[in-house]
Amino acid sequence: MPPKKKKNTRRTFALVSLGCPKNLVDSERMAGLLELDGYRMSPEPDGVDLVVVNTCGFIGDARDESYAVIKEMLRLKKRGRVGRVVVTGCLAERDREKLFEQFPEIDQLIGVFARDEIATSQKGVLPIIQEQQGEKGDSPHLPERALFRPAPSCPLPDTERRRITLPHLAYLKIAEGCNRLCSFCSIPSMRGPYASKPIDVVAAEAEYLAADGVRELVLIAQDTTFYGLDTAGSPQLATLLRRLEQIDGLAWIRLMYLYPAHITDELIETIASSKKIVPYLDIPLQHINDEVLRRMRRRVGTHETEELLDRLRGGIDLLVLRTTLMAGFPGETEEQFEELLDFVRRRRFERLGAFAFCNEPGTPAAELDGQLPEEVKQARRDRLMAAQQEIAFEWNASRVGHRFDVMIDRCISAEENAYVGRSHADAPEVDCAIYVTGENLAPGRIVSCEIVAVNGYDLVGVAE
């Protein structure tokens, strides 16, 4: 008789990562630590020993999605289809007692700054964990299976990640937390004060990612332009970029989440003269009216915003600007909204997202007078997006007949010589795509493409 095959006793886990790329980096770190501890990652939760739900708590829609996923995982657990269900991330940090009250079946709740203990906390040492709980307002009502830590003075390391992005793409978190205290935002209460990673640490992580095949590196933080102010007393993003540009293997370096303050002439010159930093800047502006910006506590007014946009357009060739705007902030008048709408039509951002003000409990904006009806907020948001659609379609049409470098992201399996890629104008996940026809292309390769057609927000190109 042939020998019996040994049963595979290796523990398995599944990961559900919700929210922004900053949360994704945390998810990849937790996945890497679990794999180092002997777990094997499964693409689906059905049948695994452990499910980790890394939640988002930023706005109401994100919280609703997080709650829905938790319910789904607990239903699988009740049916015996999964073992333990662990909930972590921003929603865990925000709604500690509430989560346990609503979902007592959760096996463990892990806060943002306890993520590196994801593997050790599965080994039955929960009484010790309870004794070591952090200093950030921990409740005596939390059960022993809750694990929270205070925000560290230096960000946690993001090494030994199990990347779940495209092999040639990686996000690199250069800082944690935020000092801005915008009146509508709850992020500082969940992520703590701003803390920059040392330049040497960021560079070492980037070198590791490049050696692992990463071609496009996307720098992220809650506020990227604040980088270094907390440690060096002055903005250090330009210095960091010059260091990263020296790393072999990296082809594109992309900047996301730049607060409009602290975009210095040095930074503009560094971007403009670089061969690797793509001319694409994501700068969430939120509004243009001075009074609305004051109530938002943005600390940047109309004049500073307009002057910044002039400097950027004049200083960086082929610049693509992405911004995010908010409609229906408390007290926003129709006249103030029309000023914002005119700003969009006049400035013609290549990329723009808009959302209706969401009344976040616990934020100063939730207590402001002048709260607007939901239908008014949504109608204003829709008007912004309608104006932007016209601008985006016109800009797409202007690109037909021109050549651009395109990063190939994936093959289209059902078609021959067909691929999906992005130009420097397209950040992963949030922007548009370029459908490419060409021979012998591969993900991670940058090819010159002639744009031959427009397909809504997307483009069609032919590789050289």
Side-chain angles (χ1 to χ4, degrees), residues 17-28 56 58-59 62 90 155 158 161 163-166 168-180 182 185 187 191 194-197 202 205-206 209 214-229 235-238 240-241 244-245 250-264 267-268 270-272 274 276-286 300 308-309 312 316 318-326 349-355 407 409 422-433:
S17 185
L18 305 171
C20 67
K22 298 176 286 291
N23 220 36
L24 177 65
V25 171
D26 290 340
S27 294
E28 292 180 339
C56 178
F58 180 42
I59 58 176
C90 289
D158 293 318
R161 287 153 55 182
R163 288 195 295 115
I164 54 180
T165 55
L166 296 167
H168 55 276
L169 169 72
Y171 295 98
L172 179 54
K173 187 158 49 171
I174 65 173
E176 185 60 89
C178 188
N179 287 1
R180 290 296 172 192
C182 299
C185 184
I187 291 295
R191 289 279 180 174
Y194 200 94
S196 300
K197 279 184 185 175
V202 177
E205 290 183 16
L209 292 168
V214 168
R215 300 273 286 152
E216 180 177 358
L217 194 65
V218 185
L219 302 192
I220 55 173
Q222 299 296 338
D223 176 356
T224 313
T225 48
F226 197 86
Y227 179 79
L229 269 165
Q236 297 295 304
L237 182 57
L240 173 63
L241 288 170
L244 297 180
E245 192 173 21
L250 295 179
W252 286 0
I253 299 172
R254 189 181 297 274
L255 298 173
M256 302 288 288
Y257 312 121
L258 288 87
Y259 193 86
H262 308 303
I263 298 180
T264 62
L267 178 60
I268 294 172
T270 300
I271 297 168
S274 172
K276 292 186 177 182
I277 306 168
V278 297
Y280 173 105
L281 298 177
D282 169 48
I283 308 175
L285 295 175
Q286 307 303 345
V300 177
L308 171 63
L309 295 176
L312 291 171
I316 304 174
L318 301 176
L319 177 63
V320 168
L321 283 175
R322 161 171 278 282
T323 195
T324 306
L325 300 175
M326 184 187 300
F349 295 93
E350 290 82 1
R351 305 287 185 237
L352 184 148
F355 60 99
M407 176 82 74
D409 279 342
R422 293 171 294 108
S423 72
H424 79 275
D426 310 303
E429 303 298 328
V430 296
D431 288 325
C432 310

Residues V430, R322; criterion side chain to side chain contact (heavy atoms under 4.5 Å, CB included); working and verdict: CA-CA 10 Å; V430 296; R322 161 171 278 282; 4.1 Å; yes

Audit row: Y171, E28, side chain to side chain contact (heavy atoms under 4.5 Å, CB included) steps and yes/no: CA-CA 10 Å; Y171 295 98; E28 292 180 339; 5.8 Å; no

Side chain to side chain contact (heavy atoms under 4.5 Å, CB included) evaluation trace for L250 with E245: CA-CA 8 Å; L250 295 179; E245 192 173 21; over 6 Å; no

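Taking NZ of K173 as the start and CD of Q222 as the end, the distance is 8.0 Å to the nearest 0.5 Å. For the atom pair CD1 of I220 and CE of M256, the computed distance is 8.5 Å after rounding to the nearest 0.5 Å. Here the straight-line distance linking atom SG of C56 with atom CG of L24 works out to 12.0 Å at 0.5 Å rounding. Interatomic distance, L258 CG to L308 CG, rounded to the nearest 0.5 Å: 9.5 Å. To the nearest 0.5 Å, atom SG of residue C90 and atom CG of residue D26 are 7.5 Å apart. Distance CG/L312 to CD1/I268: 4.5 Å, rounded to 0.5 Å.
Of all the heavy atoms in K197 and D158, the pair that sits closest is NZ-OD2, 2.6 Å. In this structure, A170 and R161 approach most closely via the heavy-atom pair CB-NH2, 4.4 Å. Taking both residues in full, the closest heavy atoms of Y194 and A221 are given as OH-CB, 4.1 Å, listed atom of the first, atom of the second, then distance. Of all the heavy atoms in W252 and H424, the pair that sits closest is CH2-N, 3.8 Å. T225 and D223 get closest at one heavy-atom pair: OG1-OD1, 3.1 Å. Closest approach of L166 to R163, counting heavy atoms only: O-NH1, 3.4 Å.
Every residue meeting the side chain to side chain contact (heavy atoms under 4.5 Å, CB included) condition with T323, not counting sequence neighbours, appears here in chain and number order: L285, L325, F349, L352.
No side-chain heavy atom of L319 sits under 4.5 Å from any side-chain heavy atom of E350. Contact check for I263 versus L281: no side-chain heavy atoms found under the 4.5 Å cut-off. Counting heavy atoms from C-beta on, the side chains of I174 and L237 come closer than 4.5 Å. Using a 4.5 Å heavy-atom threshold, the side chains of R191 and I187 count as touching. Counting heavy atoms from C-beta on, the side chains of F226 and C178 never come closer than 4.5 Å. In this structure the side chain of Y227 never reaches within 4.5 angstrom of the side chain of L219, judged on heavy atoms. Side-chain contact between S423 and D426: present, with at least one pair of heavy atoms (C-beta onward) separated by less than 4.5 Å. Residues L321 and L309 meet the side-chain proximity criterion, which asks for heavy atoms closer than 4.5 Å.
Between D282 and R254 there is no salt bridge, since no side-chain N of the basic residue sits under 4.0 Å from a carboxylate O of the acidic one. By the 4.0 Å N-to-carboxylate-O rule, D431 lies too far from R422 to be salt-bridged with it.
Under the 3.5 Å distance criterion, the side-chain polar atoms of T324 are left unmatched by any main-chain donor or acceptor of P284.
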